[in-house]
Amino acid sequence: MGERTAAFVEADVREPDQIDAVVRFTTERFGRLDVLVNNAGGAPPSDTATVSPRFTTSIVALNLIAPFVFAQRAYAVMKEQDDGGVIVNISSVSGLRPSPGTAAYGAAKAGLINLTQTLGLEFAPQVRVVCVTVGLVRTEQAHLFYGDEAGVAAVGDTVPVGRMAEPRDVGDVCVLLASPLARYVTGEHVVLHGGGEWPAYLRGAREAPG
């Protein structure tokens, strides 16, 4: 296998004209667009009762509207290619369960799952649209939510597989979904959470006296 090099384009995906610039750069350099991974996202913790409308709008714009617009622009290119293309959206388990402290983020990620289902139908058969719904991931900003190494380890112990996900765990699933091995998968989301979370009632039962 030959050496691979990455090309970087600075862009704010909340701005449609900058999305257009990324797509244009890609098609001019490579002649085509095969895979789009909508991975930009996130949200700092906020107080749900007092957070401003401006903050909420910015979170929804980044986590839902930006992937929507990027998917539109990618589809316009991919549908003209003989072998189409694949769009991979990155959602979160925050979109499947309550998201205290990040309400707008959770709502946006829930919307991204629904968007995947809709685009999977509307963009077929030329373009497949899939979603990876990610659980707890250890990143360079994990300390903001989980504390020091001991905190990260303690949170990892709550996951059935015994650890938080690493970024490569997510990347590998994206490669699988974008590959011909998943050629019949569209409009679906894969939940990548290491088995999920232990039900709270089990902890309560273990702690109960008697």
Side-chain angles (χ1 to χ4, degrees), residues 5-46 51-96 99 102-134 137 139-141 167 170-171 173-175 177-178 185-190:
T5 58
F8 175 77
V9 183
E10 183 178 354
D12 183 343
V13 296
R14 293 168 296 186
E15 300 294 336
D17 59 334
Q18 296 192 40
I19 290 176
D20 290 336
V22 174
V23 173
R24 184 167 56 252
F25 171 88
T26 303
T27 55
E28 289 177 354
R29 176 157 181 168
F30 301 103
R32 57 186 297 114
L33 174 57
D34 295 302
V35 180
L36 165 66
V37 179
N38 273 316
N39 187 50
S46 59
V51 66
S52 71
R54 180 178 179 181
F55 177 89
T56 299
T57 298
S58 68
I59 297 303
V60 174
L62 175 61
N63 291 282
L64 178 58
I65 298 175
F68 192 169
V69 175
F70 223 136
Q72 290 176 316
R73 302 300 200 266
Y75 173 69
V77 174
M78 293 174 175
K79 70 177 182 178
E80 303 300 330
Q81 299 173 165
D82 291 340
D83 48 357
V86 183
I87 298 170
V88 182
N89 295 320
I90 305 298
S91 186
S92 166
V93 293
S94 293
L96 300 177
S99 186
T102 53
Y105 174 79
K109 289 301 188 181
L112 189 58
I113 294 171
N114 182 270
L115 180 67
T116 298
Q117 295 169 331
T118 301
L119 297 186
L121 186 154
E122 292 195 22
F123 288 2
Q126 301 100 324
V127 176
R128 293 192 297 110
V129 185
V130 292
C131 183
V132 181
T133 301
V134 183
V137 182
T139 68
E140 66 277 5
Q141 294 187 326
V170 182
V173 174
C174 291
V175 171
L177 290 174
V185 180
T186 194
E188 277 296 337
H189 71 109
V190 174

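In what follows, residues are counted from 1 in the order of the sequence shown.
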Margin query: Checking the side chain of Gln117 only, and the main-chain atoms of Gly187 only, is there a donor and an acceptor separated by less than 3.5 Å?
Written below: no

Check: Would a distance-only check, ignoring hydrogens and angles, find a side-chain to backbone donor-acceptor pair under 3.5 Å from Ser52 to Phe55?
Finding: yes

Check: Do Gln126 and Tyr75 come close enough that some side-chain heavy atom pair is under 4.5 Å?
Finding: yes

Check: Do Val23 and Phe70 come within less than 4.5 Å of each other through their side chains, counting heavy atoms only?
Finding: yes

Check: If you round to the nearest 0.5 Å, how far is CE of Met78 from CZ of Arg128?
Finding: 10.5 Å

Check: Side chain of Ser91, backbone of Val132: donor and acceptor closer than 3.5 Å?
Finding: no

Check: Quick check: does any side chain N or O of Asn38 sit under 3.5 Å from a backbone N or O of Asn89, one acting as donor and the other as acceptor?
Finding: no

Check: Do the non-hydrogen side-chain atoms of Cys174 and Val35 ever get within less than 4.5 Å of each other?
Finding: no

Margin query: Measuring only between side-chain heavy atoms, which start at C-beta, is Leu62 closer than 4.5 Å to Val13?
Written below: yes

Note to self: Is there a side-chain contact between Leu36 and Val88 in this structure, where contact means two heavy atoms from C-beta onward sitting under 4.5 Å apart?
What the structure shows: no

Notebook entry, point to check: Does Asp20 reach the side chain of Arg73, with side-chain heavy atoms less than 4.5 Å apart?
Noted result: yes

Check: Hey, does Leu177 have a side-chain heavy atom less than 4.5 Å from the side chain of Val190?
Finding: yes

Checklist line | Step-by-step side-chain hydrogen bond (donor to acceptor under 3.5 Å, both in side chains) determination, His189 to Thr116 | finding: CA-CA 8 Å; His189 71 109; Thr116 298; over 6 Å; no

Note to self: Under a 3.5 Å distance rule, please check whether Ser99 uses its side chain to pair with a backbone N or O of Gly95 as donor and acceptor.
What the structure shows: no

Next item on the list: Identify whether the distance between the nearest side-chain nitrogen and carboxylate oxygen of Asp82 and Arg32 falls below 4.0 Å.
Entry: no

Next item on the list: Using modelled atom types only, decide if a donor and an acceptor are shared between the side chain of Lys79 and the backbone of Gly85 within a distance under 3.5 Å.
Entry: no

Margin query: I'd like to know if the side chain of Asn63 reaches the main chain of Gly42, judged simply by a donor and an acceptor atom lying under 3.5 Å from each other, with no hydrogens or angles considered.
Written below: yes

